[in-house]
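Only heavy atoms go into these numbers, but all of them, side chains included; no hydrogens, no water, no symmetry mates. Each residue takes its place number in the sequence, starting with 1.
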Amino acid sequence: MYSLSQIRTGLKSGRSNPAIFGRELNRLYYSRLDRRSFNHDGVDVLAEDWDNLLILDACRYDMFEEQNTLPGRLEKRISRGSHTVEFLKGNFTGRDLTDTVYVTASPQLFARRDELDATFHDVVNVWIEEGWDQSIGTVLPETMTRRAIEVSEQYPDKRLIVHYLQPHYPFINAPELNVRSPFEDADKKADIWGELMEKKRTIAPEAIWAAYRDNLDIALAAVEELMDTLPGRTVVTSDHGNMIGERAAPIPIREWGHPPGIHTKELVTVPWLVYDNGRRKEIVAGESVETNDAVSSDVVSDRLENLGYVE
């Protein structure tokens, strides 16, 4: 499973930062020693009953329950991932989804499209379009709502997935938290969560919580506008949660962010809010009209780095 050099590197990292070593042990525990590529205890979102699926990226159930202002019936589900890529793998890999249009602010589906090998009727990559806000480094919720309304009118007989980025980092109204610390070795710089995990940056958890909650409040207003417009059954959910310094398990390290393969309750328990608005859609599959968007790998990498995905 691991080469001798990888084991040596891991032990060296573990000596310098035991938390990173503990994270890897936790990941191996949940992934059954790398025998699982996603959380098999999670729900298959495509098998659930909905016409429109609105995904809030990195939205914890407990936070959503406390702040929710949306109409509908709130339940909870277990996600198939603690990271967007893991969620995509667990739900979309190899599937014929020609009855579904995916409108997304996240570059992750595009970046993994060959690996996922899923066929949608269409994919609308809002992050490639003018929807990307360069000043913050994200797609704003109101931009997603506006584009999703247009797509819904274009494809009235398709299931619609709308993948918002918020409450995921970066924080819209707290730009001071989005600036990452400079390091001597630029190749080893971490995202905000990595900096906190490696204790290279000190931010009070209360400040992170405030910015994270504010992102959700901003998203909820945009999501409610979309819910009012979309016909049929709409579900609001999340791909995964986020940890803000809580103790992980089984190795009780303090965990930050949403690393893949760590299936704590904070990371895989997500909201599932059901709202019915008039008659249900009559969904029909159709030949895929998805096109290969022309975008350079540098743009994809830049977008992902803005969102905190630093390899």
Side-chain angles (χ1 to χ4, degrees), residues 2 5-31 57-60 63 81-86 106-108 111 134-138 165-216 240-264 266-267 298 300-311:
Y2 290 104
S5 63
Q6 287 175 317
I7 293 172
R8 286 172 177 165
T9 300
L11 290 173
K12 182 179 179 181
S13 297
R15 285 194 297 270
S16 63
N17 192 335
I20 298 298
F21 189 59
R23 172 187 280 180
E24 179 62 10
L25 292 177
N26 285 337
R27 189 191 66 77
L28 290 172
Y29 168 79
Y30 288 111
S31 68
D57 204 307
C59 185
R60 293 166 54 132
M63 184 173 73
S82 57
H83 186 284
T84 300
V85 172
E86 195 179 6
S106 172
Q108 294 287 16
Q134 293 285 0
S135 65
I136 302 174
T138 192
L165 276 175
Q166 289 70 34
H168 192 287
Y169 170 94
F171 304 121
I172 295 172
N173 289 331
E176 70 279 3
L177 298 181
N178 301 333
V179 179
R180 292 194 288 271
S181 305
F183 295 100
E184 291 183 8
D185 186 351
D187 292 335
K188 293 184 179 180
K189 73 177 181 180
D191 65 355
I192 184 175
W193 308 116
E195 290 180 358
L196 291 165
M197 189 77 175
E198 297 175 21
K199 299 181 179 179
K200 293 179 177 177
R201 190 174 183 186
T202 302
I203 304 174
E206 294 78 12
I208 296 289
W209 267 114
Y212 184 31
R213 289 181 181 280
D214 186 59
N215 262 17
L216 177 57
H240 56 79
N242 206 87
M243 294 188 76
I244 312 292
E246 298 97 342
R247 294 287 181 184
I251 308 300
I253 60 169
R254 291 202 179 276
E255 185 61 82
W256 296 88
H258 49 272
I262 309 294
H263 301 155
T264 62
E266 294 89 352
L267 289 174
D298 288 342
V300 177
S301 297
D302 180 69
R303 298 284 198 263
L304 289 172
E305 186 172 339
N306 273 272
L307 298 172
Y309 297 106
V310 180
E311 297 295 335

(request) Over all heavy atoms of both residues, which pair between Cys59 and Leu216 is shortest? Give the atoms and the distance, please. (result) SG-CD1, 3.9 Å

(message) Closer than 3.5 angstrom, by distance alone: can the side chain of Asn306 be matched with the main-chain N or O of Asp302 as a donor-acceptor pair?
(response) yes

(request) Check whether any side-chain heavy atom of Ile136 lies under 4.5 Å from a side-chain heavy atom of Pro175, and answer yes or no. (result) no

(message) Main chain of Ile172, side chain of Asp214: is a donor-acceptor contact present, judged purely on distance under 3.5 Å?
(response) no

(message) Any side-chain to backbone donor/acceptor pair from Tyr30 onto Ala249? Under 3.5 Å, distance only.
(response) yes

(message) Checking Arg254 against Leu196 for the side-chain contact (heavy atoms from CB on, under 4.5 Å) test, could you report, in this order, the C-alpha distance in whole Å, the side-chain angles of both residues, the deciding distance, and whether it holds?
(response) CA-CA 10 Å; Arg254 291 202 179 276; Leu196 291 165; over 6 Å; no

(request) Would you name the heavy atoms of Leu177 and Ala207 that are closest together and state the gap between them? (result) CD1-O, 3.8 Å

(request) To the nearest 0.5 Å, tell me how far Asn178 CG sits from Leu307 CG. (result) 10.5 Å

(request) Before giving the answer on side-chain contact (heavy atoms from CB on, under 4.5 Å), spell out for Leu267 and His83 the whole-Å C-alpha distance, their side-chain angles and the decisive distance to 0.1 Å. (result) CA-CA 8 Å; Leu267 289 174; His83 186 284; over 6 Å; no

(request) Quick one: pull up CD1 in Ile253 and CD1 in Ile262 and give me the separation to the nearest 0.5 Å. (result) 7.0 Å

(request) Tell me, with the steps shown, if Trp193 and Asn242 meet side-chain contact (heavy atoms from CB on, under 4.5 Å). (result) CA-CA 10 Å; Trp193 308 116; Asn242 206 87; 3.5 Å; yes

(request) Nearest 0.5 Å please: distance from the CD atom of Glu195 over to the OG1 atom of Thr202. (result) 10.5 Å

(request) State, yes or no, whether a side-chain contact exists between Glu255 and Met197 at a heavy-atom distance under 4.5 Å. (result) yes

(message) Determine whether a donor-acceptor pair (N or O, by modelled atom type, separation under 3.5 Å) exists between the side chain of Arg60 and the backbone of Gly241.
(response) no

(message) Are His258 and Met243 packed together at the side-chain level, in the sense that at least one heavy-atom pair is separated by less than 4.5 angstrom?
(response) no

(request) Output yes when a side-chain donor or acceptor of Ser31 lies under 3.5 Å from a complementary backbone atom of Gly261, and no otherwise. (result) no

(request) Could you list the residues that satisfy salt bridge (Lys or Arg N to Asp or Glu O under 4.0 Å) with Glu86, not counting sequence neighbours? (result) none

(request) Nearest 0.5 Å please: distance from the CD1 atom of Ile208 over to the OH atom of Tyr169. (result) 9.0 Å

(message) Please find the pair of heavy atoms, one from Pro167 and one from Met63, that lie closest to each other, and give the distance.
(response) CG-CE, 3.9 Å

(request) Report the relative orientation of the aromatic rings in His168 and His240; use parallel for angles under 30°, tilted for 30 to 60°, perpendicular for over 60°. (result) perpendicular

(message) Using side-chain heavy atoms (C-beta onward) and a distance below 4.5 Å, is Ile244 in contact with Glu266?
(response) no

(request) Compare all side-chain heavy atoms of Pro259 with those of Arg23 and state whether any distance is below 4.5 angstrom. (result) yes

(request) Would you give the length of the straight line joining atom CD of Glu198 to atom CH2 of Trp256, rounded to the nearest 0.5 angstrom? (result) 13.5 Å

(message) Return the CD1 to CZ distance between Ile192 and Phe171, rounded to the nearest 0.5 Å.
(response) 5.0 Å

(message) Restricting to non-hydrogen atoms, name the atom on Ala211 and the atom on Ala174 that form the minimum distance, rounded to 0.1 Å.
(response) CB-CB, 3.9 Å

(message) Is any side-chain heavy atom of Leu25 closer than 4.5 Å to one of Tyr29?
(response) no

